[in-house]
**Q** 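First, the structure itself, so that you have it in front of you.
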Amino acid sequence: MDAEITIIGAGVIGLAIAEKVSEENKNVYLMEKHLAFGQETSSRNSEVIHAGIYYTKDSLKAKLCIEGKRLLYDYCRKFDVPFNNCGKLIVATTEEEIKVIEGIRQTAIKNGVDDLKVLEREQISDLEPNIFALKALFSPSTGIVDSHSLMKQFETNSVNNGCQIAYGSEVTEISRIKNGYKITILDADKKLYSFTTRIVINSAGLTSDKVSEMVGVNDKNLEILFCKGEYFRIIPPKNRLITRLVYPVPHPNMEGIGIHVTIDMGGGVKLGPDVKYLESNIYDYKLTVSKQEAFYRSAKKFLPFLEFDDIAPEMAGIRPKIQKPGELLKDFYIMEETGRGYPGFINLIGMESPGLTSSIAIAEYVADLIPSASEGSLFPI
Ligand SMILES: Cc1cc2nc3c(=O)[nH]c(=O)nc-3n(C[C@H](O)[C@H](O)[C@H](O)COP(=O)(O)OP(=O)(O)OC[C@H]3O[C@@H](n4cnc5c(N)ncnc54)[C@H](O)[C@@H]3O)c2cc1C
């Protein structure tokens, strides 16, 4: 085999996996269609280190988020990746929402997040004097991270471990061969070449379902729907009126967690993202100026100081959803596909939020799924 392990996709998850698996394997390839890492979802998100509050008990999202949060804070300290453990307030602005808050706290406790505190009005204004809330939950372990620096560190450590990263290399075909896979690449000069690998790790984000189909896994449940989220920013000087993350009480099926306020490492303050399933899977990052009114109204409920002209369109990201509109929350799909006849082929599909927070825990989980070379030879074609 040319490679022992080939990872497809240099987003935050593919890069975290590359760093992890190249610690022990000396022959790791990482293939990325763009000319640099993190050109898609990993650089179009809120950069929040989530606490793991909302996810279904025992789901991968719950477990990997909580473990990932701990690993991510440790990693940032170790490698000087900029982060801020600023904490987050989930605010109730109506009597109805106050009732929901206790349910959120109970879900969090079931997931092992037992540090949430219920705050009354005076305590809220001690923390954030400029917001309006009747009651709030405070999550002290939530924070933010500079995702670009994080990815850069994963890349540096991977390369230092001996991982070979090929940018401008789009995987166009995958076929099963004896004890492994043949991968065909379209390179930046539009030339095709192929190589062989024992293990394939599909971390291709928005097109991970298509990469999975290349090998032969066709499963309607793994079909990705593009779900866009747009942001507006709060223009200076009012951005300085908020120092923590502030979220409204979430929608019951968690299609999104409501237009919220996130701060970033550069002092910027964003509102969003909203949630809109696109009619087809196109990379549509266009901003909708006409949404200003809706963003303003949502945020005004808990940011009384905000005026319509204090916000401006900022950016958009696209969630790779396997959850259809209206369905209940779906878990990450992370699977070694021996069961479908593809030993050594590991799929990561539907890696939406909290994928950034969970990235290092996901990498450890995936490393444990890799069959050893002797197991691999039990599955000749
Ligand atoms: C609006 C929004 C807000 C979010 N906020 C948060 C948050 O606050 N906290 C959090 O934890 N998570 C958040 N997330 C989720 C997080 O951003 C993702 O889980 C994470 O970035 C996914 O990383 P990835 O590596 O799987 O995907 P990507 O970043 O999409 O990387 C996949 C890579 O694969 C490459 N690729 C695809 N097909 C091929 C191919 N055939 N050949 C070669 N390369 C290929 C792509 O070019 C891409 O670079 C948010 C997501 C969105 C959309």
Side-chain angles (χ1 to χ4, degrees), residues 6-18 29-52 55 61 64-65 68-69 72 88 142-145 147-148 150-151 154 165-174 183-188 200-215 224 226-231 245 247 256-257 259-260 262-264 270 272-276 278 283 285 314-321 332-334 347-363 366:
T6 299
I7 302 153
I8 304 168
V12 71
I13 295 176
L15 288 163
I17 296 171
Y29 291 5
L30 172 55
M31 297 290 136
E32 168 54 53
K33 69 180 173 194
H34 292 294
L35 295 174
F37 64 73
Q39 299 297 296
E40 298 196 354
T41 312
S42 296
S43 49
R44 294 175 167 275
N45 59 63
S46 306
E47 301 188 296
V48 173
I49 303 177
H50 286 297
Y55 310 108
K61 282 185 177 169
L64 297 173
C65 182
K69 168 183 67 174
L72 184 52
K88 147 173 145 177
T142 307
I144 53 170
V145 61
S147 55
H148 183 86
L150 178 67
M151 288 190 274
F154 287 153
I165 306 183
Y167 289 116
S169 300
E170 179 173 3
V171 173
T172 55
E173 262 181 66
I174 308 173
I183 306 238
T184 303
I185 299 287
L186 181 67
D187 74 10
V200 180
I201 300 174
N202 168 18
S203 184
L206 288 163
T207 49
S208 51
D209 57 342
K210 299 288 170 244
V211 168
S212 176
E213 282 167 21
M214 284 178 199
V215 78
I224 287 178
F226 281 24
C227 182
K228 186 173 171 181
E230 292 187 49
Y231 295 86
L245 305 165
Y247 284 54
I257 36 188
I259 301 279
H260 48 267
T262 55
I263 59 174
D264 65 34
K270 290 198 289 286
D274 66 350
V275 180
K276 184 175 181 250
L278 296 178
Y283 290 81
Y285 295 120
E314 167 83 352
M315 63 142 184
I318 302 176
R319 305 167 182 88
K321 286 244 181 228
F332 291 147
Y333 180 83
I334 308 178
N347 262 325
L348 292 95
I349 304 180
M351 305 308 289
E352 53 171 331
S353 193
L356 169 65
T357 309
S358 314
S359 51
I360 303 175
I362 292 170
V366 167

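When a ligand or atom number is given, it counts from 1 through the structure's own listing order.
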**Q** Report, in ascending order of atom number, the atoms of ligand 1 lying under 4.0 Å from any heavy atom of Leu356.
**A**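 Counting atoms of ligand 1 from 1, those under 4.0 Å from Leu356 are 10 (C), 11 (O), 12 (N), 16 (C), 19 (O).
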**Q** Can you name the one residue among Ile13, Ile8, Val211 that meets side chain to side chain contact (heavy atoms under 4.5 Å, CB included) with Leu348?
**A**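 With Leu348 as partner, Ile13, Ile8, Val211 yield a single side chain to side chain contact (heavy atoms under 4.5 Å, CB included), made by Ile13.
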**Q** Give the single entry among Glu32, His34, Glu40 that approaches atom 33 (C) of ligand 1 most closely by any heavy atom.
**A**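 Looking at heavy atoms only, the winner is Glu32.
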**Q** Which residue and non-hydrogen atom of the protein lie closest to atom 27 (O) of ligand 1, and at what distance in Å?
**A**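 Scanning the protein heavy atoms, the shortest distance from atom 27 (O) of ligand 1 goes to Gly205 CA, 3.8 Å.
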**Q** What protein heavy atom is closest to atom 22 (C) of ligand 1, reported as residue, atom name and distance in Å?
**A**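 For atom 22 (C) of ligand 1, the nearest protein heavy atom is Met351 O, 3.6 Å.
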**Q** To the nearest 0.5 Å, what is the distance between CZ on Phe226 and NZ on Lys321?
**A**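 The NZ atom of Lys321 is 14.0 Å from CZ of Phe226, to the nearest 0.5 Å.
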**Q** For Phe37, state whether at least one heavy atom is located under 4.0 Å from any atom of ligand 1.
**A**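 Phe37 does not count as a contact of ligand 1 under the 4.0 Å cut-off.
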**Q** Under 4.0 Å from a heavy atom of Ser203: which atoms of ligand 1 are those, numbered in the order shown and with their elements?
**A**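 Answer for ligand 1: 32 (C), 34 (O).
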**Q** Would you give the length of the straight line joining atom NZ of Lys33 to atom OG of Ser169, rounded to the nearest 0.5 angstrom?
**A**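 Rounded to the nearest 0.5 Å, the NZ-OG separation comes to 12.5 Å.
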**Q** Which residue holds the protein heavy atom closest to atom 8 (O) of ligand 1, what is that atom called, and what is the gap in Å?
**A**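 Here the closest protein heavy atom is Val48 N, 3.0 Å.
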**Q** Report, as yes or no, whether the 6.0 Å neighbourhood of atom NZ on Lys270 holds more than 12 heavy atoms from other residues, nucleotides or ligands.
**A**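 Check passes, neighbour count above 12.
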**Q** Just need the protein heavy atom nearest to atom 29 (O) of ligand 1, so name the residue and atom and give the distance.
**A**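 Closest protein heavy atom to atom 29 (O) of ligand 1: Ser42 OG, 2.5 Å.
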**Q** Looking only at protein heavy atoms, which one is nearest to atom 1 (C) of ligand 1, and how far off is it?
**A**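 Atom 1 (C) of ligand 1 sits closest to the protein heavy atom Tyr231 OH, 3.5 Å.
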**Q** Just jot down the ligand 1 atoms closer than 4.0 angstrom to any heavy atom of Gly355, in number order.
**A**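 So the atoms of ligand 1 that pass are 11 (O), 12 (N), 19 (O).
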**Q** So between Asn45, Leu15, Val275, Leu72, whose heavy atom ends up nearest atom 4 (C) of ligand 1?
**A**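 Result: the heavy atom closest to atom 4 (C) of ligand 1 is in Asn45.
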**Q** Say you draw a straight line from CE of Met31 to CD1 of Ile185; how long is it, rounded to the nearest 0.5 Å?
**A**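 Here the rounded value is 5.0 Å.
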**Q** Please state which protein non-hydrogen atom is closest to atom 34 (O) of ligand 1 and give its distance, to 0.1 Å?
**A**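 Atom 34 (O) of ligand 1 sits closest to the protein heavy atom Gly9 CA, 3.1 Å.
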**Q** Report the distance from atom CG of Leu206 to atom CD1 of Ile318, rounding to the nearest 0.5 Å.
**A**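 Atom-to-atom, Leu206:CG and Ile318:CD1 are 6.0 Å apart.
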**Q** Determine whether the side chain, the backbone, both or neither of Ala316 has a heavy atom under 4.0 Å from any heavy atom of ligand 1.
**A**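 The answer is neither; Ala316 stays 4.0 Å or more away.
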**Q** What protein heavy atom lies closest to atom 5 (N) of ligand 1? Include the residue and the distance to one decimal.
**A**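 Nearest protein contact, heavy atoms only, for atom 5 (N) of ligand 1 is Ser46 N, 3.2 Å.
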**Q** Is Ser169 in contact with ligand 1, taking contact as a heavy-atom separation below 4.0 Å?
**A**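 Contact present.
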**Q** Quick one: look up the protein heavy atom nearest atom 44 (N) of ligand 1 and list residue, atom name and how far away it is.
**A**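 Heavy-atom neighbour on the protein nearest atom 44 (N) of ligand 1: Lys33 N, 3.1 Å.
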**Q** Gly14 heavy atoms, cut-off 4.0 Å: which ligand 1 atoms fall inside?
**A**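 Selected atoms, number and element: 25 (O).
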**Q** Would you mind finding which of Ala36, Ser353, Gly38 brings a heavy atom closest to atom 15 (C) of ligand 1?
**A**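 Considering heavy atoms of Ala36, Ser353, Gly38, the nearest to atom 15 (C) of ligand 1 sits in Ser353.
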**Q** Select one of side chain, backbone, both or neither to describe which atoms of Phe226 lie under 4.0 Å from any atom of ligand 1, heavy atoms only.
**A**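 None of Phe226 does.
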**Q** Please round to the nearest 0.5 Å and tell me the distance separating atom NZ of Lys88 and atom CG of Leu245.
**A**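 If we round to the nearest 0.5 Å, Lys88:NZ and Leu245:CG are 7.5 Å apart.
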**Q** Using a strict 4.0 Å cut-off to heavy atoms of Thr207, name the atoms of ligand 1 that fall inside it.
**A**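 Answer, ordered by atom number: 37 (C), 38 (N).
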**Q** Look at the rings of Tyr247 and His50 and say which category their plane angle falls in: under 30° parallel, 30 to 60° tilted, over 60° perpendicular.
**A**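 It falls in the perpendicular class, over 60°.
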**Q** For Gln39 and ligand 1, does the shortest N/O to N/O distance drop below 3.5 Å?
**A**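 There is no such contact.
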**Q** Hey, is Glu47 touching ligand 1 through its side chain, its backbone, both or neither, going by heavy atoms under 4.0 Å?
**A**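 Under 4.0 Å from ligand 1, Glu47 contributes backbone atoms alone.
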**Q** So which bit of Ile318 gets within less than 4.0 Å of ligand 1, heavy atoms only: side chain, backbone, both or neither?
**A**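 Contact part for Ile318 vs ligand 1: backbone (N, CA, C, O).
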